[in-house]
Participant: 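Here you go, one structure.
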Amino acid sequence: MADAWIDGRPVALRAAATEAAKLLKASRLPLVAGLGTDANGARAAIGLAAQLGGVIDHMHSGALLRDLDVAREAGMMVITPNEAALRADTLLMVGPGLKTAWPDLDARLIERPPAPETADPFRRRVFWLCPETKTRSRHQQEAAIGHTPKDLPAVLAALRASLAGRPRRKLRDARAIDRLAAELRTARFGVALWSAAALDVLTIEMLCGLVNDLNGTTRFSGLPLTPGDHAAGVLEVCGWMTGFPMRTGFARGFPEHDPWRFEASRLIASGETDCALWISAYRAAAPDWDGNLPTIALTGADAKFRCRPPRVHIAVGRPGLDHDAVERFVPTATLAWTSAKHKSEAISVAQAIGQIALALASDRALPC
Amino acid sequence: MLTCIKGGRVIDPANGRDAVGDVWMRDGRIVGAPPGDTRADEIHDATGKIVMAGAIDIHSHIASDNVNRARLLLPELHRASAPNPAAAPLSNAPSSTFETGCLYASMGFTTVVEPAVAPDAALHAHLELADVPIIDKAILAVLGNDDFLLEALRREETPSLIGDYVAWTLEASRALGIKVINAGGAAAFKANVREFSLDDVVPFYGVSSRQIVKALQRAVDGLGVPHPLHVHCNNLGLPGNSETALATIAAAEGLPLHLAHLQFYGYGNEGPRGFSSAAARIAEAVNAADGLTIDVGQVMFGQTVTISSDVLRQFNARTGASPRKWTIFEAEGNGGGIVPYNYRPGNFHNAVQWAVGLELFLLITDPARVFFTTDHPNGAPFTTYPEIFALLMNRDLRAEWMAKLLPEALTVTNLRSIEREYSLAEIATMTRGAPAKLLGLADRGHLGPGAVADVAVYPQASDRAKMFRAAALVFKDGELVVRDGRVTRYRWGRALYVRPDHDAGIDRRMRDHYGDRYGLPPDFMKVPDGAIQRPDPFELVPCHG
């Protein structure tokens, strides 16, 4: 028994799906946004957007694309959390937001015993650059350099220059930076962590350059902490289905990736999009845009909407809780099957979109 | 429904057939010619055309977490522009899984093997493969840098335990076979080792690359897995690495072994540039080694990207990336890397590489032991297959290509002196009968009664590239899926896998291992039926008794 509403009135699922299909069919450029869903929900959402000639954007595309931009413009070395926990004798914790992005950071990385195959004796050192002051790690007292995130670009640049023996201008933490450079040189296996949600793309690029430099003489890698709402998992699905990440449009009949053109809030503000399908299965979140456009929401029953409530609202379950799901498993950074912890009647995003697709009865096939 | 493909030249060397005749299909299988008065429900006129079983590609990086990294790294290389075909949605999205299946099917390929999947990324690979239309598929699971195996070898555990572990991996991954990629090299790289050869030893574990390969070879063979251990040797791409290839060939010691993309190991270090073809020596060794099979990994000129789980090689190669960007990743076991690359005909090394691949094809005498690959996309995209068929079948065409290359590159190879031309029957053996046998697929790769009705009908053309580029008709499980090089409808194939018998005690052992090492049970590695949203997503292939 699904919970569904049209204009706030409870209706049967089929009626809601039919109304949603009507809105999407009438739309010039439908936007499929939020995209907080499991892998099969993402497949359904992306397939639908392709069929409709719409646009896809994930609520955390901004952060995700910062890491992707560094990789696809310059290059990047990365490692899985599990492997970092097993091998790293040196952890470089860069910037704020680490514990927010990975609440289990202390237990699953800093405090994990190393693998037997690492060098003996093993001493794990943890260095903090411009760390978070609000959500702190238990281990944060050690060797913090830099006071606010605004210091980071200069600190990283100075650190990189120090390592390479290049001249640099005067800096408040100069001696601490030189000491840190000396420590990093003696790492047997170092891992730098960062959260793209908290940094800008040039800072990330500088850090990745530093990691690459360190591999000239020792072993070092990077561990980007990805944003929530299954952004990294949805990125995988989007990549294999379309060849591109999110912020991709299908209006011309083929996928086009343009991070500026296909950004959700810009499309709404400009009026280019005239209907939105908002998906948030992990949190009962509502979109933060201000637009007046008709919205179809696939999210928790208790989601609170700004200004106008959605025209159609279908309550969906939480992946891995209400229903089985394929999701990105953080320790190995791979997709994994999760059995529902408390299986319920709540429908999945994939099922909800399936109902909408049926109601659309398009003569254009869905890819999935 | 009874279907007849009428009057084509049927080339089916596995059944000794090369003659004009009919092919009959019913309920997804090839059937014998029915009694004379039987009417077919559907007749396809293949007069003047060539009829073969659907082709089988045993080594092509089409679907995995690593392949996906390559897609995301290089959006500029696959901009879309073609309109979305109603019958084949998203097949107009270049590099997508949908495009991959359609391109393969339109060339008459009906089964493709993704050769490099880390066991803990098997679900991802199967999910991608489930979105590859038309073709049947399989994965090879990668072992050889994983802690469990290296530790088992360090402790001198029994071959029986190693066999159970390999079986457990195959079952958990739903894989068709085992791949080893620079055995020990990735583990050594974590310890800051920067080069790794067959007799080098992994720090801490104290086991050599050779020991790892031999242990896996014996395990795979002992389990009765049809596909031999599939080996990506050490020292890929390095001048003089033909020594590594020869040493690895010798290490086979009479047990089945398959060496991947051998072109990348076909190099001597002679001549003014210290880089030359050693293909003749390699081919001689392959010809002499019964039970050994190889695939070529042909290089073709143009922009491509290298996708590999040889993280050490990719790390070292990143400085030659073109365009200048790359991704290197490390994980349990192999990890991997993506390094874009552009093979240029004006480049001495690339010209030699191109020649080495062709030399291997032409100097290895048995078409049942040399397999047709470009190690897609590492040597070239699989869309170059038609041109490669043409080069193998026409020495004048080879001469035309060679005329455009640096003469000094050709002087360090033997290609100019080779006159051999492949016949259609040899192409059929190499791309149909032999791969089916190598993978243990008794009902594929041929057109005898009982075979799966995977059939490719090609237009006859003296331009063999044109012929192989766009099949006139392709049937998958007896249903028409391609007409004149275009997919007419989607249908979804099956992922082929093996499940050899093994002692159930390994389950407990693996739970303990994962619990100790990761603090997690290995459940995250499972590939349950329900995870794949297709009807009949898997097909079990029997092991040898």
Participant: Of the backbone (N, CA, C, O) and the side chain (C-beta and beyond), which part of B:Arg154 lies under 4.5 Å from a heavy atom of chain A, both, or neither?
Facilitator: neither

Participant: Strictly below 4.0 Å, N to O, side chains only: are B:Lys190 and A:Glu117 in salt-bridge contact?
Facilitator: no

Participant: For B:Pro83, is it the side chain, the backbone, both, or neither that has a heavy atom closer than 4.5 Å to a heavy atom of chain A?
Facilitator: backbone

Participant: In chain order, what residues pass the ring pair (Phe, Tyr, Trp, His ring centres under 6.0 Å) check against A:His323, with sequence neighbours excluded?
Facilitator: none

Participant: Is chain A contacted by the side chain of B:Asp131, its backbone, both, or neither, given a heavy-atom distance below 4.5 Å?
Facilitator: side chain

Participant: Pick one of side chain, backbone, both or neither for B:Phe204, based on which atoms fall under 4.5 Å of a heavy atom in chain A.
Facilitator: side chain

Participant: Can you say whether B:Ala121 sits under 4.5 Å from chain A via the side chain, the backbone, both, or neither, judging by heavy atoms?
Facilitator: both

Participant: Is it the side chain or the backbone of B:Asp147 that comes within 4.5 Å of chain A heavy atoms, both, or neither?
Facilitator: side chain

Participant: A:Arg112 versus chain B, heavy atoms under 4.5 Å apart: side chain, backbone, both or neither?
Facilitator: side chain

Participant: Closest heavy-atom contact between A:Ala336 and B:Phe524?
Facilitator: CB-O, 3.4 Å

Participant: Count the heavy atoms belonging to other residues, nucleotides or ligands that lie under 6.0 Å from CD of A:Glu111, then report whether that count exceeds 12.
Facilitator: yes

Participant: Any heavy-atom pair between the side chains of A:Leu86 and B:Tyr518 that's under 4.5 Å?
Facilitator: yes

Participant: Which region of A:Pro113, side chain (C-beta onward) or backbone (N, CA, C, O), has a non-hydrogen atom less than 4.5 Å from a non-hydrogen atom of chain B, or is it both or neither?
Facilitator: neither

Participant: Go through the atoms of A:Glu73 and report whether side chain, backbone, both or neither lie under 4.5 Å from a heavy atom of chain B.
Facilitator: backbone

Participant: Given a strict heavy-atom distance threshold of 4.5 Å, which part of B:Pro133 is in contact with chain A: side chain, backbone, both, or neither?
Facilitator: neither

Participant: Could you tell me which of A:Thr218, A:Leu366, A:Val326, A:Leu68 has the largest number of non-hydrogen atom pairs under 4.5 Å with chain B?
Facilitator: A:Thr218

Participant: If I measure from the heavy atoms of chain A, does B:Leu74 come under 4.5 Å with its side chain, its backbone, both, or neither?
Facilitator: neither

Participant: Is chain B contacted by the side chain of A:Thr217, its backbone, both, or neither, given a heavy-atom distance below 4.5 Å?
Facilitator: backbone

Participant: Take atom CZ of A:Arg185 as the centre, draw a 6.0 Å sphere, and report whether it contains more than 12 heavy atoms from other residues, nucleotides or ligands.
Facilitator: yes

Participant: Search all heavy atoms of B:Arg517 against all heavy atoms of A:Ala115 and return the closest pair with its distance.
Facilitator: NH1-CB, 3.7 Å

Participant: Is it the backbone or the side chain of B:Phe315 that comes under 4.5 Å from a heavy atom of chain A, or both, or neither?
Facilitator: side chain

Participant: Which residue out of A:Pro116, A:Pro245, A:Pro331, A:Ala50 racks up the most heavy-atom pairs below 4.5 Å with chain B?
Facilitator: A:Pro116

Participant: Quick one: OG1 on A:Thr332 to CG on B:Asp120, what's the gap to the nearest 0.5 Å?
Facilitator: 5.0 Å

Participant: Hey, which residues of residues 90-100 of chain B are touching chain A, say heavy atoms under 4.5 Å apart?
Facilitator: B:Leu90, B:Asn92, B:Ala93, B:Pro94, B:Ser95, B:Ser96, B:Thr97, B:Phe98

Participant: May I ask you to name which of A:Val237, A:Thr242, A:Asn40 has the most heavy-atom pairs under 4.5 Å with chain B?
Facilitator: A:Asn40

Participant: Between A:Phe244 and B:Leu72, which heavy-atom pair has the shortest distance, and what is it?
Facilitator: C-CD2, 4.0 Å

Participant: At a heavy-atom separation under 4.5 Å, does A:Arg108 approach chain B through its side chain, its backbone, both, or neither?
Facilitator: side chain

Participant: If I measure from the heavy atoms of chain A, does B:Arg69 come under 4.5 Å with its side chain, its backbone, both, or neither?
Facilitator: neither

Participant: Counting only non-hydrogen atoms closer than 4.5 Å, does A:Pro255 touch chain B with its backbone (N, CA, C, O), its side chain (CB onward), both, or neither?
Facilitator: both

Participant: Flag yes if more than 12 heavy atoms outside A:Arg261 fall under 6.0 Å of its CZ atom; otherwise flag no.
Facilitator: yes

Participant: Give the member of A:Gly243, A:Gly75, A:Gly253, A:Pro367 that has the highest number of heavy-atom pairs under 4.5 Å with chain B.
Facilitator: A:Pro367

